[in-house]
Undergrad: 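Please see the structure below; I have some questions.
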Amino acid sequence: MFGIVDCNNFYASCERVFNPKLNNKPIVVLSNNDGCVIARSNEAKEIGIKMGEPAFKISFLIEKYDIKIFSTNFALYGDMSKRVMNIIADSMSKIEVYSIDEAFIDLSHIDIENIKDKMKYLRIRILQETGIPVSIGIGKTKTLAKISNHISKKELICKGIFMINNNNIDRVLKKIDVGKVWGVGLRTEAFLKYYSIKTAFDLKESNHRWMKKNNSINGERIIKELRGIICYPLDSYSKDKKSICTSRTFGDMVTSLDDLNSSIAMYTARCAEKLRLQNSSAMLAHIFISTNPFRNDLSQYRNSRTINFPVATNDTSEMLSYISKALKYIYKDGYYYKRAGVVVSGIIPSSQVQCNIFDSLDRLKSHHIMKTVDCINNKMGRDFVRYASQGYFRKWRLKQESLSPSYTTNWNHLLKININSREI
DNA sequence: TCTGGGGTCCTAGGACCC
DNA sequence: TCTGGGGTCCTAGGACCC
């Protein structure tokens, strides 16, 4: 059996842990630049606020229902996620961290009769030690566990835990819309419904060869998983990333090459840091810039360029030298830029980098420099040591008007509690 | 005024090899 | 009249996930 542990309304729950006044109040967490809704508390969902909705379109609801708004605070969410995952890893033999708020677990070594009790205990422990409420779904495959998890959140009677077994499987799947099945997106949902496959049960009973022919091997796998045949085993070891992307939409529009260059330089530095963190180097970098596609009144321009490094690298300065040149090549004067980004790919372990006989760079030296820079920045804070091209005045910085403190990762943001008034 | 960010996997088709 | 067979690798684009 597989289990999936999923944090309830994760970002909203993180905000509540250190601000209990928010309990039972509608909360919404916004994307970067306070743009779109990316998380909602149950109260906000009940009001009818949709996922992904632009904040400016719901301003009247925010006022009417006194909804509390938060800018994304990834320092906080990332740290809270780590705490939850550590507890799961400590309680279970095998865990696959699937996303910031979800983990699959292996339950095959536990007797079926005992699974629910064990999960009940795990839920209580996570809530007690982190303040984050979770729901747990259980099934013979990951796909079935995901469906169980969906039910455990919807049906209050489940108290956060649900298991699909041989006795209830058909009855349960008949009530699940096919679009809710893990791996079935909008396109596949429309395709299946066209052929009158409306529920998860219909999909389970349909022909897997037909599905493979008309969709892909993944379509066939979903059907088999619904039948209890494991196609997606637990991946417990963490894998190196195959591509790494850093991109942002700017708070204000940017026009000058200098400003655009400093933003691209910053994203390059981030990508290089992420590469070094997993001891990898990249053979390719792809940069892109674009204007704001929502502004019909302004002329639009977007362009991108791919760079092949002569030798795979994770050296910020080397990457910057190539990337700045590429940016000059695609930059056009007279446009209002709104977004830019850097993607590195062709990622290999640094120990396997193929040297170039004409290489003039002292790579051992640059390795030591990068190591020292990372070490200083880890201790003193991000970008304490930086490249000049990253700049100091960020015209393109994010808009984050409702940012909560980083309670658990910044000494200056520690909670202060007034014992006398019993207030935070 | 105003619309996020970061990933993975699969497939078809082209280029190339013997 | 008549033009093989069997592969690999790479890339762009699509679909999906959170």
Side-chain angles (χ1 to χ4, degrees), chain A residues 4-11 28-40 50-60 62 69-74 77-78 81 96-104 142-143 146 149-150 178-192 211-222 231-232 235 238-253 263 267 270-271 274 278 283-284 286 288 290-298 304 306 308 336 338-347 396 398-401:
Chain A
I4 181 151
V5 183
D6 189 316
C7 302
N8 299 346
N9 313 325
F10 183 53
Y11 298 167
V28 154
V29 179
L30 301 178
S31 60
N32 275 341
N33 284 315
D34 297 343
C36 297
V37 174
I38 57 166
R40 307 153 295 161
K50 299 268 180 297
M51 191 71 172
E53 210 159 6
F56 71 89
K57 284 191 183 168
I58 54 162
S59 46
F60 70 101
I62 291 170
I69 298 289
F70 291 93
S71 306
T72 35
N73 184 344
F74 277 115
Y77 311 151
S81 169
E96 173 190 343
V97 177
Y98 179 63
S99 75
I100 194 165
D101 70 334
E102 281 172 279
F104 285 106
K142 283 181 173 176
T143 305
K146 281 288 248 181
N149 185 246
H150 176 73
V178 74
K180 289 275 187 297
V181 176
W182 189 44
V184 176
L186 283 175
R187 293 297 286 260
T188 313
E189 181 186 352
F191 170 82
L192 292 171
M211 188 67 174
K212 184 180 177 181
K213 200 173 145 215
N214 288 284
N215 286 267
S216 73
I217 185 77
N218 283 333
E220 184 181 18
R221 285 181 184 145
I222 292 169
C231 299
Y232 302 111
D235 269 334
S238 68
K239 281 168 276 177
D240 285 344
K241 295 217 177 358
K242 294 173 179 173
S243 73
I244 291 172
C245 171
T246 305
S247 73
R248 292 287 179 279
T249 300
F250 306 138
D252 285 319
M253 286 189 283
S263 78
Y267 308 150
R270 286 289 98 76
C271 283
K274 292 177 194 171
Q278 63 170 40
M283 305 209 273
L284 296 163
H286 181 80
F288 60 89
S290 115
T291 50
N292 185 352
F294 294 102
R295 290 289 293 267
N296 299 323
D297 53 330
L298 297 174
S304 67
T306 303
N308 280 287
Y336 293 93
K338 184 66 175 172
R339 190 175 147 75
V342 176
V343 189
V344 294
S345 57
I347 295 175
W396 37 272
L398 292 175
K399 196 170 90 183
Q400 292 184 307
E401 284 172 354

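Just so you know, these numbers use all the heavy atoms, side chains as well, and skip hydrogens, waters and symmetry mates. The chains referred to below are lettered A, B, ... by the order of the sequence lines, with proteins before strands, and numbering in each begins at 1.
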Undergrad: Give the minimum heavy-atom separation between A:Arg40 and A:Val28, together with the two atoms involved.
TA: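 Minimum heavy-atom separation between A:Arg40 and A:Val28: CG-CG2, 4.4 Å.
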
Undergrad: Report yes if some heavy atom in the side chain of A:Lys146 is under 4.5 Å from a heavy atom in the side chain of A:Ile4; otherwise report no.
TA: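 The answer is yes; the side chains approach within 4.5 Å.
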
Undergrad: For C:dC18 and B:dT3, measure between their P atoms and round to the nearest Å.
TA: 26 Å

Undergrad: A:Thr188 side chain: which of C:dC17, B:dG7, C:dA15 is closest?
TA: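 From the listed options, C:dA15 comes nearest.
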
Undergrad: When you get a sec, tell me which of C:dC16, B:dT3, B:dT8 is the closest nucleotide to the side chain of A:Phe56?
TA: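 Comparing C:dC16, B:dT3, B:dT8 against the side chain of A:Phe56, the answer is B:dT3.
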
Undergrad: Grab the NZ-C1' distance between A:Lys213 and B:dT11 for me, whole Å please.
TA: 16 Å

Undergrad: Closer than 4.0 Å, any side-chain N/O of A:Arg295 to the OP1 or OP2 of B:dT3?
TA: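 Result: no.
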
Undergrad: With no hydrogens and no angle check, is any side-chain donor or acceptor of A:Asn33 less than 3.5 Å from a backbone partner on A:Lys399?
TA: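 Looks like yes, one N/O pair under 3.5 Å.
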
Undergrad: For A:Asp235, does its backbone N or O pair with a side-chain atom of A:Glu96 as donor and acceptor, under 3.5 Å?
TA: yes

Undergrad: Within the structure shown, what part of the strands sits under 4.0 Å from A:Asn215 by heavy-atom distance: base, sugar-phosphate, or nothing?
TA: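 No contact at all - A:Asn215 keeps every heavy atom at 4.0 Å or more from the nucleic acid.
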
Undergrad: Counting distance only, does the side-chain N/O of A:Ser216 pair as donor-acceptor with the main-chain N or O of A:Asn218 below 3.5 Å?
TA: yes

Undergrad: Could you please name the option among B:dG5, B:dT3, B:dG6 that lies closest to any side-chain atom of A:Pro54?
TA: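 Output: B:dT3.
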
Undergrad: By the 4.0 Å heavy-atom rule, please label A:Lys399 as base, sugar-phosphate, or nothing.
TA: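 A:Lys399: no heavy atom of the nucleic acid under 4.0 Å.
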
Undergrad: Using a heavy-atom cut-off of under 4.0 Å over every strand shown, decide if A:Lys338 touches base, sugar-phosphate, or nothing.
TA: sugar-phosphate

Undergrad: Could you check whether A:Ile100 gets within reach of a base, just the sugar-phosphate, or nothing at all, counting any heavy atom under 4.0 Å?
TA: nothing

Undergrad: Look at the side chain of A:Arg187 and decide which nucleotide, out of C:dC18, B:dG7, C:dC16, has an atom nearest to it.
TA: C:dC16

Undergrad: Between A:His286 (NE2) and B:dG7 (C1'), how many Å, whole number?
TA: 15 Å

Undergrad: Categorize A:Asn33 for me: base, sugar-phosphate, or nothing, with a 4.0 angstrom heavy-atom threshold over every strand shown.
TA: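 It contacts nothing in the nucleic acid.
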
Undergrad: Counting only side-chain heavy atoms from C-beta out, which of C:dC18, B:dC10, B:dG7 sits nearest to A:Ser216?
TA: B:dC10

Undergrad: Looking at every heavy atom in both A:Phe288 and A:Ser247, which two are closest together, and how far apart are they?
TA: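 Scanning both residues, the minimum pair turns out to be CZ-CB, 3.7 Å.
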
Undergrad: Base, sugar-phosphate, or nothing for A:Arg339, non-hydrogen atoms under 4.0 angstrom?
TA: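 Sugar-phosphate only.
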
Undergrad: Where do A:Phe250 and A:Ala340 come nearest, in terms of heavy atoms and distance?
TA: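 Heavy-atom minimum between the residues: CZ-CB, 3.7 Å.
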
Undergrad: Regarding A:Glu102, tell me which of base, sugar-phosphate or nothing describes its non-hydrogen contacts under 4.0 Å with the strands shown.
TA: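 Counting heavy atoms under 4.0 Å across all strands, the contact made by A:Glu102 is with sugar-phosphate only.
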
Undergrad: When we call it a touch if two heavy atoms are under 4.0 Å apart, what does A:Val184 touch: a base, just sugar-phosphate, or nothing?
TA: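 Touches sugar-phosphate only.
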
Undergrad: Taking the minimum atom-to-atom distance to the side chain of A:Cys36, which one of C:dC18, B:dT3, B:dG7 wins?
TA: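 Given the options C:dC18, B:dT3, B:dG7, the side chain of A:Cys36 is closest to B:dT3.
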
Undergrad: Go through B:dT11, B:dT8, B:dG6 for me and flag the one nearest to the A:Ile217 side chain.
TA: B:dT11

Undergrad: What nucleic acid atoms does A:Leu30 come within less than 4.0 Å of, heavy atoms only: base, sugar-phosphate, or nothing?
TA: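 No contact.
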
Undergrad: Could you state the atom-to-atom distance from CG of A:Asp34 to P of B:dT3 in whole Å?
TA: 10 Å

Undergrad: From B:dG6, B:dC10, C:dC18, pick the nucleotide closest to the side chain of A:Arg221?
TA: B:dC10

Undergrad: Checking all strands, does A:Thr246 fall into the base, sugar-phosphate, or nothing category for heavy-atom contacts under 4.0 angstrom?
TA: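 Result for A:Thr246 = sugar-phosphate.
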
Undergrad: Which nucleotide in the set B:dC10, C:dC16, C:dC17 lies at the smallest distance from any side-chain heavy atom of A:Asn218?
TA: B:dC10

Undergrad: Using a cut-off of strictly less than 4.0 Å, decide whether A:Thr249 has a side-chain nitrogen or oxygen near OP1 or OP2 of B:dG5.
TA: yes

Undergrad: Let me know, please, whether A:Lys239 or A:Lys57 comes out on the 5' side of the other along DNA chain B by nearest nucleotide.
TA: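 Upstream on the strand: A:Lys57.
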
Undergrad: Toward the 5' end of DNA chain B, which comes first, A:Met253 or A:Lys212, by nearest nucleotide?
TA: A:Met253

Undergrad: Rounded to the Å, how far apart are A:Glu53 CD and B:dC2 C1'?
TA: 13 Å

Undergrad: Between C:dC18, B:dG6, B:dG4, spot the one nearest the side chain of A:Ser31, thanks.
TA: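 Given the options C:dC18, B:dG6, B:dG4, the side chain of A:Ser31 is closest to B:dG4.
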
Undergrad: Atom CD of A:Glu401 to atom C1' of B:dT1: distance rounded to whole Å?
TA: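 Taking atom C1' of B:dT1 as the reference, CD of A:Glu401 is at 11 Å.
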
Undergrad: Is the shortest side-chain N/O distance from A:Lys242 to OP1 or OP2 of B:dC9 below 4.0 Å?
TA: yes

